[in-house]
Amino acid sequence: MSSTSTPSPRPTMRAVSPRAWGAPDVLVPVEVDRPEPGLTEILVKVHAAGVNPVDWKTRAAGEFGTWGEVPILGYDVSGTVEAVGPGVTLFQPGDEVFGMPRFPEQAGGYAEYVTAPARRFAAKPAGIGHVEAAALPLAALTAWQGLIETAGLRAGQRVLVHAAAGGVGHLAVQIAKAHGAYVIGTARADKHDFLRGLGADELIDYTATDFAEAVRDVDVVLDGVGGEYGTRSLPVLRPGGHLVTLPDPGGLPDPARAKALGVHAGWTVVEPDRHGMLEIARLVQEGRLRAEVAATFPLERAAEAHTLGERGRTQGKIVLTVTP
């Protein structure tokens, strides 16, 4: 007489998933299977997840990245290694890590656990909590790659950062200062004191002053606004200068005009980068980089976080708290 055993049920986890694509209220709490780490992957227990503009743009349109059976948003995570897959040598269970794994695929950060290749993470800097660490990866990597790797920023150069008080902008200000640049930022007047505290040398209230008339001889423009800002930024650049556009490339200036002015103009998309994460962690450890957290929300209130972010007036980053 034979007997059969019932397979043990797979562990589950809390997550937030859009039940459709549209307004923030499509985000609802769900319970899904907990992932398991594969070859060279780690399983991370998520303590906090960053909220980025790409999250709410994806939620509204449903067109960015690739999806599993249950779509789960979120690229930025900070947490603790729960388990390691075969071949992992960088981390072990209990290590605290942060990162932006899998981009442009979804990392699934709006959940209690994520899995991803170990080398998409770095050790969380000592001295900061998971909330601040989760605010860093996507925005700081965007600023790092745009300024340092794409534009080749050097000490003594002049940098103009548009939307300087935003998630990417306020980190770009600090990264540029850490590399010895003179930093000019555009932001509303009520955010100027905040930006001066981060080291900005010169600030322009874009609601009262046309930056294109007020600024000249800039080596690098980091454009986090898009649209007409790219074209309007060309005359402020020195010959040989770089315009690095971050939003939709549809706003890039006419290449012929850029060439005639002797400047470089292009669009860049952030990439997962362990080297960049290590450099960001180093700046944090040295006290030269910190993330401003504008607001935190529990995971289940992700819809409220998106509503706040879409207003476009936050100073710094919004973060979801997942595991206390």
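Here the structure is a predicted model, which is why all the values come from computation and not from measurement.
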Asker: Between Glu292 and Lys191, does any side-chain N to carboxylate O distance fall below 4.0 Å?
Answerer: no

Asker: Say whether Leu195 and Val225 are linked into one hydrophobic cluster, either directly or through other cluster members, by side-chain heavy-atom distances under 4.5 angstrom.
Answerer: no

Asker: Carefully, step by step, assess Arg257 and Thr231 under the rule side-chain contact (heavy atoms from CB on, under 4.5 Å).
Answerer: CA-CA 9 Å; Arg257 185 178 179 194; Thr231 298; 3.1 Å; yes

Asker: What pair of heavy atoms forms the shortest contact from His264 to Gly240, and how long is it?
Answerer: CD2-O, 3.6 Å

Asker: Quick one: CG on Leu278 to CG on Asp273, what's the gap to the nearest 0.5 Å?
Answerer: 8.5 Å

Asker: Taking the side chain as every heavy atom from C-beta outward, state whether Phe103 and Arg120 have any atom pair closer than 4.5 Å.
Answerer: no

Asker: Are Tyr113 and Val97 linked, directly or through intermediate hydrophobic residues, by side-chain heavy-atom contacts shorter than 4.5 Å (ILVMFWY only)?
Answerer: yes

Asker: Has Asn52 got a side-chain atom pairing as donor or acceptor with Asp55's backbone, closer than 3.5 angstrom?
Answerer: no

Asker: What heavy-atom pair brings Pro18 and Pro71 nearest, and what distance separates the two atoms?
Answerer: CD-O, 3.4 Å

Asker: Quick check: closest heavy atoms across Ala49 and Gly109, and the distance to 0.1 Å?
Answerer: CB-O, 3.4 Å

Asker: Testing the basics here: between Pro93 and Ala83, what is the closest heavy-atom pair and its distance to 0.1 Å?
Answerer: CG-CA, 4.3 Å

Asker: Side-chain heavy atoms nearer than 4.5 Å, only ILVMFWY residues, links allowed to pass through others: does that put Val32 and Val322 together?
Answerer: yes

Asker: Under 3.5 Å, is there a donor-acceptor pair between the side chain of Gln157 and the main chain of Arg154?
Answerer: yes

Asker: Could you tell me whether the side chain of Phe121 reaches within less than 4.5 Å of the side chain of Val81, counting heavy atoms only?
Answerer: no

Asker: Which class fits the ring pair His170 and Phe194: parallel under 30°, tilted 30 to 60°, perpendicular over 60°?
Answerer: tilted

Asker: To the nearest 0.5 Å, what is the distance between CG (Asp219) and CG (Leu147)?
Answerer: 12.0 Å

Asker: Looking only at side-chain N and O atoms, does Tyr75 offer a donor or acceptor that is under 3.5 Å from a partner on Gln106?
Answerer: yes

Asker: Locate the shortest heavy-atom distance separating Ala20 from Val26; write the atom from each residue and the value.
Answerer: O-CG2, 3.4 Å

Asker: With distance as the sole test, does Arg288 use its side chain to make a donor-acceptor pair with the main-chain N or O of His179 at under 3.5 Å?
Answerer: no

Asker: Would you say that Glu41 contacts Val88 through its side chain, given a criterion of any heavy-atom pair below 4.5 Å between the two side chains?
Answerer: no

Asker: Going through the distances and angles, do Leu246 and Leu222 end up as a side-chain contact (heavy atoms from CB on, under 4.5 Å)?
Answerer: CA-CA 8 Å; Leu246 304 177; Leu222 190 70; 4.1 Å; yes

Asker: Would you confirm whether Arg19, through its side chain, and Asp25, through its main-chain N or O, come within 3.5 Å as a donor-acceptor pair?
Answerer: yes

Asker: Could you label the plane-to-plane angle of the His306 and Tyr110 rings as parallel, tilted or perpendicular, counting under 30° as parallel and over 60° as perpendicular?
Answerer: perpendicular

Asker: Are His130 and Glu96 linked by a side-chain donor-acceptor pair shorter than 3.5 Å?
Answerer: yes

Asker: Counting distance only, does the side-chain N/O of Thr296 pair as donor-acceptor with the main-chain N or O of Val319 below 3.5 Å?
Answerer: no

Asker: Verify, without hydrogens or angle tests, whether His192 (side chain) and Ala187 (backbone) share a donor-acceptor contact under 3.5 angstrom.
Answerer: yes

Asker: So does Val183 get a backbone contact from the side chain of Asp201, meaning a donor-acceptor N/O pair under 3.5 Å?
Answerer: yes

Asker: CG of Asp254 to NZ of Lys259: how many Å apart, nearest 0.5 Å?
Answerer: 11.5 Å

Asker: Tell me if the CZ atom of Arg282 is crowded by more than 12 foreign heavy atoms within 6.0 Å.
Answerer: yes

Asker: For Glu132 and Ile128, which heavy atoms make the closest approach, and how far apart are they?
Answerer: OE1-CG2, 3.5 Å

Asker: Rounded to the nearest 0.5 Å, what separates atom CD1 in Ile318 from atom CD in Glu304?
Answerer: 11.0 Å

Asker: If Ile, Leu, Val, Met, Phe, Trp and Tyr residues are connected whenever their side-chain heavy atoms lie under 4.5 Å apart, and connections chain through other members, are Val131 and Leu320 in the same group?
Answerer: no

Asker: So, Asp210 side chain and Ala212 main chain: donor-acceptor pair closer than 3.5 Å or not?
Answerer: yes

Asker: For the atom pair CE (Met13) and NZ (Lys45), what is the distance rounded to the nearest 0.5 Å?
Answerer: 13.0 Å

Asker: Taking the side chain as every heavy atom from C-beta outward, state whether Tyr229 and Val221 have any atom pair closer than 4.5 Å.
Answerer: no

Asker: Kindly indicate, with the supporting measurements, whether the criterion side-chain contact (heavy atoms from CB on, under 4.5 Å) is fulfilled by Gln92 and Asp95.
Answerer: CA-CA 6 Å; Gln92 59 186 1; Asp95 288 345; 3.6 Å; yes

Asker: Any carboxylate oxygen within less than 4.0 angstrom of a Lys/Arg side-chain nitrogen, looking at Glu36 and Arg10?
Answerer: no

Asker: Taking the side chain as every heavy atom from C-beta outward, state whether Leu261 and Leu237 have any pair of such atoms under 4.5 Å apart.
Answerer: no

Asker: Under a plain distance cut-off of 3.5 Å, with no hydrogens placed, do Thr186 and His162 share a side-chain donor-acceptor pair?
Answerer: yes

Asker: Go through it in stages, so that I can follow the logic: the residues are Glu149 and Glu271, the test is side-chain contact (heavy atoms from CB on, under 4.5 Å), and I'd like the CA-CA distance, side-chain angles, deciding distance and then a yes or no.
Answerer: CA-CA 12 Å; Glu149 297 182 343; Glu271 301 176 59; over 6 Å; no

Asker: For Ala165, is there any backbone N or O sitting under 3.5 Å from a side-chain donor or acceptor partner on Gln315?
Answerer: no

Asker: I'd like to check Leu198 versus Arg290 (side-chain heavy atoms, cut-off strictly below 4.5 Å). Are they in contact?
Answerer: yes

Asker: Give a yes or no on whether the backbone of Thr323 and the side-chain of Glu112 come within a donor-acceptor separation of less than 3.5 Å.
Answerer: no

Asker: Is there a path of hydrophobic side-chain contacts, each under 4.5 Å between heavy atoms of I/L/V/M/F/W/Y residues, joining Phe297 to Leu27?
Answerer: yes

Asker: Can you tell if the side chain of Trp56 reaches within under 4.5 Å of the side chain of Val51, non-hydrogen atoms only?
Answerer: yes

Asker: Answer whether the closest heavy-atom distance between the side chains of Arg188 and Thr207 falls below 4.5 Å.
Answerer: yes

Asker: Please report the interatomic distance CG(Leu203) to OG1(Thr209), rounded to the nearest 0.5 Å.
Answerer: 11.5 Å

